[in-house]
Structure formats: structure tokens, C-alpha cells
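Below: the structure, in C-alpha cells.
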Amino acid sequence: ARTISNAAIFRDDIKKIRQYFKVSFHDALGTVVSRALRNVMISKDELPDTPLVVVSPVSVRRKRAVGGNELSVMFAQMPTHLEKIDDEFEFMSTSFSTAKVQLSDLGSDTLNEISKVAPWTALGKLWGLYSKAQVSDKHSPFANIMLSSLPGPSFAMYCAGAKVEAAIPYGPIFDGSLLNITAISYLDKVNLGIVSCPDNFDDVELLAYEIEKVTQEILMYIETNKKD
């Protein structure tokens, strides 16, 4: 079973957050999601003492590569254990930066090299056995959240003459993972699609609400603390 929800943040609001805290788009998105998750877990009395782990797909395609996508993943910690907004942004930015360095040290072609030794068809069968055996119930998850973002068009799209009002992406979840949050920009907004297995996380509607609420809280914090 899957439960889904969605949230939306104005592009200009993300831009204000990025400029104030001097962070990347993904840093800003990760911090907003982390703070929203923290609020949800506090409301359920389920906030862990240690940071949640987020996995994000990253493009490793070389500029002059011909055709196709080349992706890898990076693992980072989210500042769910922190309370102050400034500390959260600093932690998230540092965590993603460290993850990028680790990915670079590991080598962007590592997954591709593994596939040459063990073809993806074989790996797919092994993953199927892993799922059927319910091994994920017997160990800690490899990551709590999958968070990805991609740019979309700033112009309106049409389908059969009708304007597309919103583009909302929904990504997959895997055994042992908590939920998937995928963001795509369209027109003046960044739309986030939230997907979860209710056995692991059944508060997607509350999370969507908290994402939008937290964004406004951060904007108010910026307005209160910005220098003239």
C-alpha cells in the first residue's frame, strides 16, 4: 500500500531562503523538509535523538557525454535533532557538502563498474529475493528518506488545449525506507510529491501541511532578523 500527498512552495520564497542562508536549492529544500519532519515526529512523540538519514540521487553525467542519464546517490544526515533555524541550515549544508566529497572520493563511476561485474538484471533478481524474504524488517533502514529535486519549465504547458495548472512528481519507495519526497519546479512554484508506505509513515498529509507552514516560519525568521 502507498499513501500520497503534495505540498507547494513559491519559487521566490525558496530564492529568499537561499540568498539569506547562502545555501543551494537542495540545501534549502532539505532543511525545510527536515524541520517539517521534526515537527511531525514531535507531535507523535517519536523524535529520535540521532539525525535521520537522507539519500539523494545526483547526476554524474559528464558535460560532453553523449546521450542518456548517469546517476549516483549520496547519503547525508538531516538536522532533525536540532531546534534553531540557523543551526539547521548550517548542518544541512555541511552534511550535503560532505556527502558530495565522499561521493567524489568513491568515484562517480562506481555503480557503473559494479554493473559490469554483476549485471542489473541479476541485481534486480537479488533485490526481489531481498524483498520477499523481508530482510529489511531485520535491520535498520539504509536511509529514512529519499529526497530528489529537478528543475521544471518556468513557462506554461498545455495538454489538448488545456493549461497544465501544476506538475506534481511522485517517486518510488523501497523496502526499509521511510518515504520519498520529490520536488519539481513549474511556473512560479516548487511542487513536492510525497509517497510513503503507511506501515512506516502514515502522516503524509500532516507532513505536507508542515512543509508549507515551516516555509512561512523561516520567511518570518528572515524578515525579523535580516539586516537593513
Side-chain angles (χ1 to χ4, degrees), residues 3-9 13-14 17-18 20-58 73-103 136-137 139-149 171-183 190 192-222 225:
T3 55
I4 65 172
S5 188
N6 62 277
I9 304 172
D13 289 345
I14 287 285
I17 293 171
R18 289 184 60 191
Y20 181 83
F21 291 101
K22 297 180 174 57
V23 295
S24 70
F25 176 89
H26 206 62
D27 294 339
L29 181 66
T31 307
V32 168
V33 169
S34 174
R35 190 169 179 83
L37 275 168
R38 174 184 167 84
N39 288 349
V40 172
M41 290 186 291
I42 287 175
S43 71
K44 302 292 182 180
D45 196 26
E46 296 176 350
L47 180 66
D49 295 329
T50 56
L52 294 186
V53 177
V54 59
V55 57
S56 290
V58 292
V73 293
M74 64 177 182
F75 291 84
Q77 293 182 319
M78 303 187 87
T80 49
H81 61 303
L82 300 176
E83 184 177 354
K84 295 182 178 179
I85 291 177
D86 285 295
D87 294 340
E88 289 174 313
F89 276 97
E90 182 179 359
F91 185 95
M92 190 77 268
S93 179
T94 301
S95 186
F96 274 139
S97 295
T98 301
K100 290 174 184 176
V101 171
Q102 291 173 341
L103 178 62
S136 62
D137 294 337
H139 65 81
S140 300
F142 67 90
N144 305 109
I145 306 133
M146 176 171 282
L147 178 66
S148 55
S149 60
I173 58 174
F174 304 98
D175 277 338
S177 64
L178 183 65
L179 75 160
N180 182 301
I181 301 177
T182 305
V190 176
L192 295 85
I194 306 169
V195 181
S196 174
C197 171
D199 292 338
N200 290 334
F201 185 82
D202 62 354
D203 295 302
V204 292
E205 292 287 349
L206 179 57
L207 177 58
Y209 167 78
E210 284 292 343
I211 286 173
E212 296 181 357
K213 175 187 171 185
V214 160
T215 302
Q216 295 307 309
E217 288 176 352
I218 294 171
L219 290 171
M220 289 179 62
Y221 175 85
I222 292 173
N225 291 277

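This structure is a prediction, so every number in the text was calculated from the model and none was measured.
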So, S196 side chain and F201 main chain: donor-acceptor pair closer than 3.5 Å or not?
yes
Would the distance check show the side chain of N144 and the main-chain N or O of V53 forming a donor-acceptor pair, the cut-off being under 3.5 Å?
yes
Which heavy atom in [X] sits nearest to a heavy atom in [Y], and how many Å separate them?
| X | Y | value |
| --- | --- | --- |
| S43 | V40 | OG-O, 2.5 Å |
| T80 | L47 | O-CD1, 3.5 Å |
| E88 | T31 | CB-CG2, 3.8 Å |
| L52 | M41 | CD1-CE, 3.7 Å |
| G30 | F96 | CA-CE1, 4.5 Å |
| V195 | I173 | O-CG2, 3.6 Å |

Side chains of [X] and [Y], heavy atoms from C-beta outward: is any pair under 4.5 Å?
| X | Y | result |
| --- | --- | --- |
| V190 | D13 | no |
| N225 | Y20 | yes |
| K100 | H26 | no |
| V33 | M78 | yes |
| F21 | S93 | no |
| R35 | I85 | yes |
| R38 | E210 | no |
| K44 | D203 | yes |

Which distance, rounded to the nearest 0.5 Å, do you find between the [atom1] of [X] and the [atom2] of [Y]?
| X | Y | atom1 | atom2 | result |
| --- | --- | --- | --- | --- |
| I145 | N180 | CD1 | CG | 10.5 Å |
| L29 | R18 | CG | CZ | 11.0 Å |
| N6 | L207 | CG | CG | 11.0 Å |
| T215 | I9 | OG1 | CD1 | 3.5 Å |
| S5 | L179 | OG | CG | 11.0 Å |
| L206 | K213 | CG | NZ | 8.5 Å |

Over 12 foreign heavy atoms within 6.0 Å of CD, E217
yes
Other residues, nucleotides and ligands only: do more than 12 of their heavy atoms fall within 6.0 Å of OH on Y209?
no
Test side-chain contact (heavy atoms from CB on, under 4.5 Å) on I4 and V204; report intermediate values, then the result.
CA-CA 6 Å; I4 65 172; V204 292; over 6 Å; no
